[in-house]
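Data first, discussion second: the structure below is written as structure tokens.
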Amino acid sequence: VPDAVLNYLVRLGWSHGDQEVFTREELIEKFDFAQVGGQAGRYDLKKFEFVQGEHLRMLSDDVLALTHRDEGLFFVDISDPTSPVELSRLSGRGYEGMARIDDHLLVSVRGEGLRPFDISDPRRPQALGLSDGPPSVWDLTPPRGGWVYAADNLDGVVPIDISDPSRPQVGQAVALDGPALHVAVDGDHLYASIGGPGVVVLSLEDPAAPRAVATAPTGGSAVMSAASDGLLWVADHEGVAVFDVAEPSLGALNLDVGVD
């Protein structure tokens, strides 16, 4: 992380009380030549690894990435949730789904493919090129065992190998009975919202080849879902439906929780 390197190098010959970890802004604010020591600095690998780890944790907890279809990609500091601060933006069009893989961010670009970014420093994200990918991705799942799954409005569910996050490899699409609008993963199953037909449940027994095992009709047009603890929550144009998915066959429970 560039700011961790800066932090460490400044601290080699300068101190500010017992504080070891500084943001770039804190260094600018607190640095004073009067506190620079006269002895030569000595590189300490363990201390550098500590500082690097602290900066990585700051990035993970306090930075939010956002896409806007017409404006591009944004990184926002939310260390104070009541006063978010924009760190950087990359202008562009067609930016849609995102998946974070350690210090990389995979973004789908409508009509173009998949664009990985190095976000080790979210103030200066670096695009790593453009990979061929599905043409109309609306959503990406979080990583699962070296794979990300895309909801493509034209092709269905698409597995993406992220063993090298800078060079994602697109697998064979799984065609569905409707346009894939949103995907969610829980355990060994993937849930694809496909509009009028409802939500398709796919087995991830073979992560490279998802296999449809059931469909949950919602009575409306399913646009988004979330699964956890054996329950599948589906938002459609009529309200919210809840399914028991402890068994992939579904059908055991369908609680209609209408939302005005």
Side-chain angles (χ1 to χ4, degrees), residues 1-7 23-24 52-81 84-153 155 157-171 173 180-186 190 192 204 207-208 224 226:
V1 179
D3 279 12
V5 176
L6 175 65
N7 183 161
T23 64
R24 185 180 293 252
Q52 175 93 336
E54 291 300 304
H55 276 265
L56 284 171
R57 276 186 282 277
M58 284 193 286
L59 295 180
S60 300
D61 296 338
D62 296 337
V63 175
L64 177 68
L66 305 167
T67 57
H68 189 289
R69 189 176 297 174
D70 298 320
E71 301 293 336
L73 176 63
F74 300 78
F75 292 89
V76 181
D77 181 345
I78 55 169
S79 53
D80 179 358
V85 176
E86 183 179 312
L87 296 175
S88 61
R89 71 167 66 187
L90 295 170
S91 298
R93 298 182 67 85
Y95 285 51
E96 295 279 1
M98 297 182 293
R100 180 170 182 173
I101 309 106
D102 298 325
D103 58 357
H104 288 79
L105 185 72
L106 185 62
V107 180
S108 63
V109 184
R110 183 77 66 86
E112 296 185 24
L114 300 169
R115 180 163 289 160
F117 291 87
D118 181 336
I119 58 167
S120 55
D121 181 356
R123 298 170 185 83
R124 301 168 188 80
Q126 300 294 316
L128 302 177
L130 186 68
S131 298
D132 291 338
S136 188
V137 172
W138 283 31
D139 188 35
L140 294 171
T141 68
R144 177 192 180 276
W147 293 86
V148 160
Y149 299 91
D152 187 86
N153 197 245
D155 289 350
V157 169
V158 184
I160 302 168
D161 183 345
I162 54 166
S163 53
D164 179 355
S166 66
R167 297 176 180 274
Q169 302 295 314
V170 176
L181 307 175
H182 180 267
V183 277
V185 171
D186 184 49
L190 182 145
L204 297 178
M224 186 172 292

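Bear in mind that the values here come from a model prediction, so they are computed numbers and not experimental data.
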query: Taking C-beta and beyond as the side chain, do D155 and P135 meet within less than 4.5 Å on heavy atoms?
result: yes
- request: Starting at CD1 of I160, measure out to CG of L114 and round the result to the nearest 0.5 Å.
  value: 4.5 Å
query: Any idea which heavy atoms bring Y149 and V183 closest together, and the distance?
result: O-CG2, 3.6 Å
Expected output: side-chain S79 to main-chain D62 donor-acceptor under 3.5 Å: no
message: Once rounded to the nearest 0.5 Å, what's the spacing between atom CE of M224 and atom CG of L181?
response: 9.5 Å
task: Quick one: which residue pairs count as a salt bridge (Lys or Arg N to Asp or Glu O under 4.0 Å) with a foot in residues 138-152, not counting sequence neighbours?
output: R144-D188
- request: Hey, could you give me the CG/CZ distance between L105 and F75, rounded to the nearest 0.5 Å?
  value: 5.0 Å
message: So which atom in T141 and which in A184 form the shortest heavy-atom distance, rounded to 0.1 Å?
response: CG2-N, 4.4 Å
query: Quick one: are S166 and H104 in side-chain contact, heavy atoms under 4.5 Å?
result: yes
message: Can you tell me how far apart CZ (R115) and CG (L128) are? Round to the nearest 0.5 Å.
response: 10.5 Å
query: Would a 4.5 Å heavy-atom cut-off, applied to side chains only, mark S136 and R110 as touching?
result: yes
query: Is there a side-chain contact between V148 and P168, using heavy atoms and a 4.5 Å cut-off?
result: no
query: Heavy-atom distance under 4.5 Å between the side chains of L90 and F117, does that happen here?
result: yes
message: Test your reading of the model: is there a side-chain donor-acceptor pair from S88 to the backbone of P122, 3.5 Å cut-off?
response: yes
message: Would you compute the distance between atom CD of Q126 and atom CG of D121 and round it to the nearest 0.5 angstrom?
response: 8.5 Å
task: Would you give the length of the straight line joining atom CG of D70 to atom OH of Y95, rounded to the nearest 0.5 angstrom?
output: 12.5 Å
- request: Would you check if V63 and I119 make a side-chain contact, meaning some heavy-atom pair closer than 4.5 Å?
  value: no
- prompt: Do I162 and P143 come close enough that some side-chain heavy atom pair is under 4.5 Å?
  reply: yes
- request: Look at the aromatic rings of H68 and F74 and report parallel, tilted or perpendicular, splitting at 30° and 60°.
  value: perpendicular
- prompt: Any side-chain heavy atom of L64 within less than 4.5 Å of one from P84?
  reply: no
query: Under 3.5 Å, side chain of S108 to main-chain N/O of G97, donor-acceptor pair present?
result: yes
